[in-house]
Amino acid sequence: MLLIEEKYKSIAKLLLSSGTCPRCVLRFCCVGSSAPYRLPYKNLADELQKFLSNDGDIAPPSKKVRLGDSEECRSETEITRDTDVNEAPQTCNLCLGILQHLCSTEFVKQIFHKVQSAGYEFQDFVFSVSLPPQLLVREHSAWLQAQEEMRRQDRLLEKADIIQLKEAYKWIIHPMISEELGVQAVSKSLFEVGVVFCHQDTDEDCHFLVTVCKDCFKPTKNKQSVFTRMAVVKALDKITDDDFVTHFPWPPSTPKTTCQVIDIQCNHASVFVAGRYNKYSRTLPQTPWVIDGERKMESSVEELITEQLMTVFQADSFNFSSSGREDVDVRTLGRGRPFAIELVNPHRVRVTEQVMKDLQQKINGTDKIKVRDLQIVTREALAHMKEGEEEKTKCYSALIWTEKTIRKEDVEFLNDIKELKILQKTPLRVLHRRPLASRPRIIHTMKSEYMDEHHFRLYLKTQAGTYIKEFAHGDFGRTVPNIGSMMKTTADILELDVESVDVDWPPALED
């Protein structure tokens, strides 16, 4: 059963006689069930022919009519001839062959071999289709004609009632791909299989829209052509029916070629791995240190961690982030600094807790860093780490040098200072990567430990985002007040350690 309502019969005749394939006829006749689309092409064509000829609309002509040469007789003969869909199908003027030739068993096997050779782990998949934008123009033309047919019956045909080409295509091809891959096609999945179609012979179908709706087509950096699907949709919403028909008359030309498949793509959603790291080296940057194309340090915290992860998850790339960052000469001690790594397009995703433990052990095979609590987290959970950059507190240990000679009592006053408000302009050393701004910060507590007449150790608990080095030396007056100004001498930091980052994330794991 085709499930076409009687009221759409005239639309079916119109489209078939204009070079439209049976499956596109179903779409414009608003058939919302997948079963008729999945019929073999010839069976569907036969059923459609029966539907159009079995109700007396096209009655067998009488002998008198056969002998005559009336216009009515010619009209009936033309309809019968033009809607003979059992002949070898020409390329459809609406789907450009997608619903005819690109949902075959052979094409599904191409998709299967592409997915299989890519080597992904997945338990289901979502199927995506990228269509050439000119299909929108051709469908708009058909919709205008279908509207006219319905108006003759005092009925309406909304554009939204027509079955989208993508939806019809998925109805046909989903079960075929699922059978080949052995997993279900679903509406949401971490693994995506995508097909990209193009049809160069009809690319110019959209070009007339620029003359009518110039503001819809604006060049963008990331797009090779201004004729994006979104731009064409906007233009079709704005153009009048009369202007459209003038520039793009019905019926659309029947193409000599079918849509081409320019790419079959596979992509897995990112996997996010989080943990905490300690950094014990004073010659190790957090991220690769490259200036003017020249590498300044042999490695980095980022690379020492991600090298092992990339190998296990077989990802294409990664994005590293952390709750703040330390300078190259600063150690991170205590429970470490929270970090997260986005592994982009991973091929391996079935990773057990034991594999993660083994990974952590491999990363810790160096004396430069150590990681703990290594685990897979969700994208949403990363928000906990970013909150800590500004909202939480951090504790530091700093070895301070003073120009003037000091005694123990000269530094004891620092112990009594609580909730000290300071103002920090963007430090000179980071102006190349941070915008110029004045930032209020709070030094919650300080505890001094006298060492000798020019050195003391200072333990600080501060608001996250405080520049500790600048709080010590003042950065030429850009941080006020500062240790130097409060002690009325020149002061500087010789060593700095991060003792704790007070962000309770990710969750601690048992050793």
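What's counted below: heavy atoms across the whole structure, side chains too, no hydrogens, waters or symmetry copies. Keep in mind the model is a prediction, meaning the values are calculated, not measured.
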For residues Ile422 and Leu420, determine if any side-chain heavy atom of one lies less than 4.5 Å from a side-chain heavy atom of the other. yes
Atom CD of Glu409 with >12 non-hydrogen neighbours under 6.0 angstrom: yes
Glu453 and Arg407 ion-paired at < 4.0 Å: no
Identified side-chain hydrogen bond (donor to acceptor under 3.5 Å, both in side chains) counterpart of Ser397 within the set Glu449, Arg457, Lys447: Arg457
Run the ring pair (Phe, Tyr, Trp, His ring centres under 6.0 Å) test against His347 and tell me which residues pass, sequence neighbours left out. Tyr120
Would you please name every residue forming a side-chain contact (heavy atoms from CB on, under 4.5 Å) with Glu419, sequence neighbours left out? Ile442, His444
What I'd like to find out is whether the side chain of Phe208 reaches to under 4.5 Å of the side chain of Ile239, using heavy atoms alone. yes
Evaluate Glu302 against Thr287 for side-chain hydrogen bond (donor to acceptor under 3.5 Å, both in side chains), listing each step before the verdict. CA-CA 5 Å; Glu302 175 188 289; Thr287 55; 5.2 Å; no
Heavy-atom closest contact (Asn415 atom, Ser448 atom, distance): OD1-N, 2.7 Å
Separation between OG (Ser270) and CZ (Phe313), nearest 0.5 Å, reads 11.5 Å
pair Val503-His384: side-chain heavy atoms closer than 4.5 Å: no
With no hydrogens and no angle check, is any side-chain donor or acceptor of Thr426 less than 3.5 Å from a backbone partner on Ala437? yes
Which is it for Asp502 and Thr393 under the side-chain hydrogen bond (donor to acceptor under 3.5 Å, both in side chains) test, yes or no, and what are the steps along the way? CA-CA 6 Å; Asp502 299 331; Thr393 59; 2.6 Å; yes
For the side chain of Lys218 and the backbone of Val226, is there at least one donor-acceptor N/O pair under 3.5 Å apart? no
Looking at Lys238 and Asp215, is there a salt bridge between them, counting it only when a charged N and a carboxylate O are closer than 4.0 Å? yes
Residue that, paired with Thr466, satisfies side chain to side chain contact (heavy atoms under 4.5 Å, CB included) out of Lys461, Arg439, Gln424: Gln424
Verify side chain to side chain contact (heavy atoms under 4.5 Å, CB included) between Leu309 and Leu343, making sure each step is shown before the conclusion. CA-CA 8 Å; Leu309 293 175; Leu343 296 159; 4.2 Å; yes
Would you check if the side chain of Arg27 reaches a backbone N or O of Ile163 as a donor-acceptor pair within less than 3.5 Å? yes
Heavy atoms of Val501 and Arg276 approach each other most closely as O-NH2, 2.9 Å
Would you mind writing out the side-chain donor-acceptor pairs for residues 165-176 within the sub-3.5 Å range, not counting sequence neighbours?
| from | atom 1 | to | atom 2 | distance (Å) |
| --- | --- | --- | --- | --- |
| Lys166 | NZ | Val129 | O | 3.0 |
| Tyr169 | OH | Leu102 | O | 2.4 |
| Lys170 | NZ | Phe127 | O | 3.1 |

Distance-only side-chain donor-acceptor flag, Glu342 / Asn319, under 3.5 Å: yes
So Arg372 and Glu510, salt bridge (Lys or Arg N to Asp or Glu O under 4.0 Å) or not? Walk me through it. CA-CA 10 Å; Arg372 70 177 69 201; Glu510 294 182 7; over 6 Å; no
Basic-acidic side-chain contact under 4.0 Å: Lys469, Asp329: yes
Test: Glu326 and Arg331 ion pair at under 4.0 Å: no
For Asp497 and Glu499, indicate whether the former's side chain and the latter's backbone hold a donor-acceptor pair under 3.5 Å. no
N/O donor-acceptor pair under 3.5 Å between Thr202 side chain and Asp205 backbone: no
Where do Ala315 and Met310 come nearest, in terms of heavy atoms and distance? O-CE, 3.3 Å
Can you tell me if Asn482 uses its side chain to pair, donor with acceptor, with the backbone of Gly477 under 3.5 Å? no
For the aromatic rings, using the six-membered ring if either is Trp, is the centroid distance between Phe227 and Phe217 under 6.0 Å? yes
Decide yes or no on side-chain hydrogen bond (donor to acceptor under 3.5 Å, both in side chains) for Glu403 and Thr489, but give the supporting numbers first. CA-CA 6 Å; Glu403 184 178 38; Thr489 183; 4.6 Å; no
Of the non-hydrogen atoms in Cys213 and Ala235, which two are nearest, and what is the gap between them? SG-O, 3.7 Å
Asp316 side-chain N/O to Pro346 backbone N/O, donor-acceptor pair under 3.5 Å: no
Side chains of His473 and Ile493: closer than 4.5 Å at any heavy-atom pair? no
So does Thr352 get a backbone contact from the side chain of Lys357, meaning a donor-acceptor N/O pair under 3.5 Å? no
Indicate yes or no: at least one non-hydrogen side-chain atom of Leu131 is less than 4.5 angstrom from one of Ile98. yes
Heavy-atom pair with the smallest gap, counting every atom of Leu460 and Ala398: CD1-CB, 4.4 Å
Over 12 non-hydrogen atoms of neighbours within 6.0 angstrom of CD in Glu179: no
Main-chain N/O of His268 paired with Asn345 side-chain donor or acceptor, under 3.5 Å: yes
Ion pair check, Lys404 and Asp410, cut-off under 4.0 Å: no
Between the main-chain N or O of Phe122 and the side-chain N or O of Arg350, is there a donor-acceptor pair closer than 3.5 Å? yes
Would you say the side chains of Thr257 and Asp201 form a donor-acceptor pair under 3.5 Å? yes
Passes side-chain hydrogen bond (donor to acceptor under 3.5 Å, both in side chains), His140 versus Lys159? Steps please. CA-CA 8 Å; His140 190 78; Lys159 204 170 190 178; 2.6 Å; yes
For a side-chain hydrogen bond (donor to acceptor under 3.5 Å, both in side chains) with Glu470, tell me which candidate from Lys425, Arg429, Arg441, Arg478 qualifies. Arg429
Under the side chain to side chain contact (heavy atoms under 4.5 Å, CB included) criterion, do Ile111 and Glu180 qualify, and how do the steps go? CA-CA 9 Å; Ile111 295 174; Glu180 284 288 339; over 6 Å; no
Specify the closest pair of heavy atoms between Gln286 and Ser322, including all atoms of both residues, with the distance to one decimal. NE2-OG, 2.9 Å
Would you mind reporting whether Pro507 and Gln375 have side-chain heavy atoms less than 4.5 Å apart? yes
